[in-house]
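Only a predicted model underlies this, so the values are computations on that prediction, with no experimental measurement involved.
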Amino acid sequence: MQKEISSHFIRRTFLAGLLILLPLFITYVLIAFLFDIFTGVGAPLVTGLFRLLGANGLASPLLPFVNLLLSLAVIFLLGVVGTNILGRRVLTGFESLLLRLPLVRTIYSSAKQVVETFQGPGRSFQRVVLIEYPRKSAWTLGLVATERHDSLGLFPSENVLTVFIPTTPNPTSGYLVILSPEDVKDIDFTVEEAFKFIMSGGIVGRDLAPVLK
């Protein structure tokens, strides 16, 4: 019994650490990507600047530090631009330009939709439900995206639910199903808790419980 508890504790703790590491890793990849860009593009400029200042010997050791600062500065400036009215207008104009390019439009619009879906409560899913999928008596977590009028008469009820079924361990991919409200069971789980539960393979998370009405 003690061995099973220890094994469960190790798995749960390891996956909790993985969930903490994941956003850090994504941040690292983004900064490393910008760092590589500035290494190729900014290196001649930085070297030329140090040459003008008469400090050629400092160019080589300080170049990685300068590139890192430039990468962080670009991320920060994009945040500043994106959080004011004028900056948003500039970004909107740039975005409209991207959306005119055939291949770029497809990739950019898909990536943006994924980011907007998962970034905030106002754009997130409505609630967490259980559905019988992929067969009877096999229950799966689903995220209700919207509730719409059943204009096709698919079900006896007037409305239908569009439910996203995330995959494990990557919840940004999955399946979309259209269900009757009677075919889902609401549970007392927040969307954030559901994502943690899915990413950890069901190890991280509390017991499933019905919604108290």
(message) Holding to side-chain contact (heavy atoms from CB on, under 4.5 Å), I want the full list of residues that pass it with Phe197, two or more places apart in sequence or in another chain.
(response) Leu141, Phe189
(message) Please evaluate residues Val191 and Phe125 with respect to the criterion side chain to side chain contact (heavy atoms under 4.5 Å, CB included), reporting the C-alpha separation (whole Å), side-chain torsions for both, the decisive distance (0.1 Å), and the verdict.
(response) CA-CA 7 Å; Val191 173; Phe125 298 98; 4.2 Å; yes
(message) Would you say that Val129 contacts Ile187 through its side chain, given a criterion of any heavy-atom pair below 4.5 Å between the two side chains?
(response) no
(message) Run the side-chain hydrogen bond (donor to acceptor under 3.5 Å, both in side chains) test against Glu147 and tell me which residues pass, sequence neighbours left out.
(response) Asn159
(message) Could you measure the distance from the CD1 atom of Ile178 to the CG atom of Leu154? Nearest 0.5 Å is fine.
(response) 7.0 Å
(message) Would you compute the distance between atom CG of Asp186 and atom CG of Leu130 and round it to the nearest 0.5 angstrom?
(response) 9.0 Å
(request) Determine, stepwise, if the pair Ile165 / Leu176 fulfils side chain to side chain contact (heavy atoms under 4.5 Å, CB included). (result) CA-CA 6 Å; Ile165 304 174; Leu176 181 67; over 6 Å; no
(request) Evaluate the side-chain proximity of Val163 to Leu143: yes if any heavy-atom separation is below 4.5 Å, no if none is. (result) no
(request) Quick one: do Val177 and Ile131 satisfy side chain to side chain contact (heavy atoms under 4.5 Å, CB included)? Show the steps, please. (result) CA-CA 10 Å; Val177 294; Ile131 63 174; 4.2 Å; yes
(request) Check the pair Tyr133 / Tyr175 against side chain to side chain contact (heavy atoms under 4.5 Å, CB included), numbers first and verdict last. (result) CA-CA 11 Å; Tyr133 182 88; Tyr175 307 93; 4.1 Å; yes
(request) With the side chain counted from C-beta on, respond yes when Val160 and Leu179 share a heavy-atom pair under 4.5 Å apart, and no when they do not. (result) no
(message) Test of understanding: with side-chain hydrogen bond (donor to acceptor under 3.5 Å, both in side chains), list the residues that count as partners of Thr167, not counting sequence neighbours.
(response) Ser173
(request) Any pair with a residue in residues 148-167 that passes salt bridge (Lys or Arg N to Asp or Glu O under 4.0 Å), sequence neighbours left out, goes on the list, sorted by first then second residue, please. (result) none
(message) Tell me every residue that passes side-chain hydrogen bond (donor to acceptor under 3.5 Å, both in side chains) with Thr140, counting only those two or more places apart in sequence or in another chain.
(response) none
(message) Is there a side-chain contact between Leu161 and Val184 in this structure, where contact means two heavy atoms from C-beta onward sitting under 4.5 Å apart?
(response) yes
(message) I'd like to check the side-chain contact (heavy atoms from CB on, under 4.5 Å) partners of Ala209; sequence neighbours left out, ordered by chain and number.
(response) Asp188
(message) Taking side-chain contact (heavy atoms from CB on, under 4.5 Å) as the definition, give me every residue that meets it alongside Ser137, ordered by chain and number, with sequence neighbours left out.
(response) Glu132, Arg135
(message) The criterion is salt bridge (Lys or Arg N to Asp or Glu O under 4.0 Å); which residues satisfy it with Glu193, sequence neighbours excluded?
(response) Arg206
(request) Kindly say whether Gly201 contributes a backbone atom to a donor-acceptor pair with the side chain of Thr168 at under 3.5 angstrom? (result) no
(request) Could you list the residues that satisfy side-chain contact (heavy atoms from CB on, under 4.5 Å) with Ser157, not counting sequence neighbours? (result) Phe155, Ser180, Pro181, Glu182
